[in-house]
Number of protein chains: 2
Amino acid sequence: MYWTLVASSPGVTLEIGRGRACRMGVEPGTWSAREGHERERQDMKRQSEEGAGKALGETVGDEIRRLLVDGELVPGQRLSESALGERLGVSRNTLREAFRSLAHEGLVTHRPHRGVFVTTPSLASLIDIYRLRRFIECRALRDAWPGHPAVRRMREAVDQARASREREDWGAVGTHNMAFHAAIVALADSERLDTFYRQLSAELRLAFSGVADPQWLHAPYVEMNQRVLTIFEAGDVDAAATLLEQYLSQSERTVLAAYARDGGPDA
Amino acid sequence: MYWTLVASSPGVTLEIGRGRACRMGVEPGTWSAREGHERERQDMKRQSEEGAGKALGETVGDEIRRLLVDGELVPGQRLSESALGERLGVSRNTLREAFRSLAHEGLVTHRPHRGVFVTTPSLASLIDIYRLRRFIECRALRDAWPGHPAVRRMREAVDQARASREREDWGAVGTHNMAFHAAIVALADSERLDTFYRQLSAELRLAFSGVADPQWLHAPYVEMNQRVLTIFEAGDVDAAATLLEQYLSQSERTVLAAYARDGGPDA
DNA sequence: TTGGATATTATTGTTCAACAATAACGGTGG
DNA sequence: CCACCGTTATTGTTGAACAATAATATCCAA
């Protein structure tokens, strides 16, 4: 059966329905690397080929996100369109599209005619982010259903953080700690809230990247996460939420102090 | 005083400091209209000239946002790059950059190789949005300081909504009602939360646009806003928050019913 | 007629080259 | 030290071109 297509106001068309299924045959096109950074450039292409229907622009965005959390790009850095485009093997236009997404997430800051810069979190940003974390996480924990699937994610995050601490892999400890909090937010069962929280995390991570001493930033909280989880699983959600709030306030003080010392305005 | 520029890893440069101020002389370039939609095209250009350093791409995004809230673009519509670009007088590349921002806000949905569509809010989205509204607004109201400047915005929104109701301008009633709720969120004094809520509002507005009968969607809530405000100003924040929660739940039921009737899957 | 495979077409994805516009830089002269 | 011009590198934007793909139309056989 076929449905008809109804045109409307100029510049737009209204899709009513669609026809039958279609074939999916794909023949990967050849791609020639030129000079320098060939590995990364091929990675981009391959990822885009394997990724199910994802546009190259989005793949580039993911790659830049990775460079950010890996600390290869540090706050304050200017991202030159031509140079970064060359490095990633994409054109300026494609890169600019990726920049727009990243700017919307707050990871980079777009200053017209001046360029795109890795966002330097301000003291006000940190305070704002921590206020929101208390706002969101505590409420999510308090209202949670103890049997929620995300509880399992909380448990896994704590275990993995502990394992990473044994290996003294402080970066991984930070990652798993953050996963613990993301799981708390997931208790609220809101897709939009999860997305929002992911942005907050990414921005917070930027602030961490400037701190000289990641061990003290992450290690102490493994046990605190464990305690929150234990109390929560015991069924005393109010106590768990209260503890979480104290915990977040303490974390905030630590981060603010470290920021003032290492990652301040003189990045 | 001049600071030096320090280069780092390939593809990026690190800006340490900057030189002196610079002149701002601007000579507006000529721009030739060709055929059709000349008014809109010139509007874009003029706005971009007047706007302080805003890139044309962002101006285009704002324009599309306007078309969306004005109902000129309805959910489900496909936005052709060439046609819409022609209509707005911008190139495809510029338009695509604007699309990326809009997609990130959830206003449009990007389906690779298929095009950009005005987002059709699902039932699940509406439920999610309303849950978040209760989550955010009630807490913001409960924790608010009664002397907060946003209280004045709440009052103004109620007054303007009432005035618009007299004129039977239901679209404006909806706008001011939403401004009332945005003001409530502003009580929390969080820049990020405000941005997030703005997105939720925009998405909700999309859902409204498909509803046939805007009067019943907006008119009843003018008085409820008034009551919430009165109780809040009287100092009983808990009662105000409780009333707001009931109010939001009722609104949700109304919207869901209207959605199921008018704006359902058969858009 | 039905169903499935193949060709066609319109659109998106991406690159490239070119130019306009601008901010930063360097110098000059007071 | 400051204000006033050129220079220059970068971003902003365009248009054309081509590749890649989804949707459509065509065809052929059962």
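Labels below follow one simple rule: chain letters A, B, ... track the order of the sequence lines, proteins then strands, and each chain is numbered from 1. Only heavy atoms go into these numbers, but all of them, side chains included; no hydrogens, no water, no symmetry mates.
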To the nearest Å, how far apart are [X] [atom1] and [N] [atom2]?
X        : N      : atom1 : atom2 : value
B:Leu79  : C:dG13 : CG    : C1'   : 17 Å
A:Leu95  : D:dT13 : CG    : C1'   : 16 Å
B:Arg114 : D:dA20 : CZ    : P     : 18 Å
B:Arg111 : D:dA23 : CZ    : P     : 8 Å
A:Leu84  : D:dT10 : CG    : P     : 14 Å
A:Arg78  : C:dA24 : CZ    : P     : 10 Å
B:Glu58  : D:dT11 : CD    : P     : 15 Å
B:Arg96  : C:dC16 : CZ    : C1'   : 15 Å

side-chain contact (heavy atoms from CB on, under 4.5 Å) assessment of B:Phe208 paired with B:His218: CA-CA 10 Å; B:Phe208 288 170; B:His218 299 307; 3.6 Å; yes
Is there a side-chain contact (heavy atoms from CB on, under 4.5 Å) between B:Arg192 and A:Glu203 once you walk through the steps? CA-CA 11 Å; B:Arg192 280 160 189 75; A:Glu203 210 172 341; 2.6 Å; yes
Identify which nucleotide among D:dT13, C:dA23, C:dT14 has an atom closest to any side-chain atom of A:His113, counting heavy atoms from C-beta outward.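 Ranking D:dT13, C:dA23, C:dT14 by closest atom to the A:His113 side chain puts C:dA23 first.
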With respect to the side chain of B:Ser80, which nucleotide from C:dA21, C:dT14, C:dT12 is positioned closest? C:dT12
So, does B:His110 get its side chain near the phosphate of C:dG13, meaning an N or O under 4.0 Å from OP1 or OP2? yes
Counting distance alone, no hydrogens or angles: does the base of C:dT14 have a donor or acceptor under 3.5 Å from a partner atom on the side chain of B:Arg92? yes
[X] and [Y]: which non-hydrogen atoms are nearest, and at how many Å?
X        : Y        : value
A:Arg205 : A:Gly171 : NH2-O, 3.5 Å
B:Leu206 : B:Thr119 : CD1-O, 3.6 Å
A:His104 : B:Glu105 : NE2-OE2, 3.0 Å

Identify, between A:Asn93 and A:Gly115, the residue whose nearest nucleotide on DNA chain D lies closer to the 5' end. A:Gly115
Both B:Ser91 and A:Glu81 contact DNA chain D. Taking the nearest nucleotide for each, which residue is further toward the 5' end?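 Checking each residue's closest nucleotide, the 5'-ward one belongs to A:Glu81.
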Starting at the 5' end of DNA chain C, which residue's closest nucleotide do you reach first, A:Thr94 or B:Val116? B:Val116
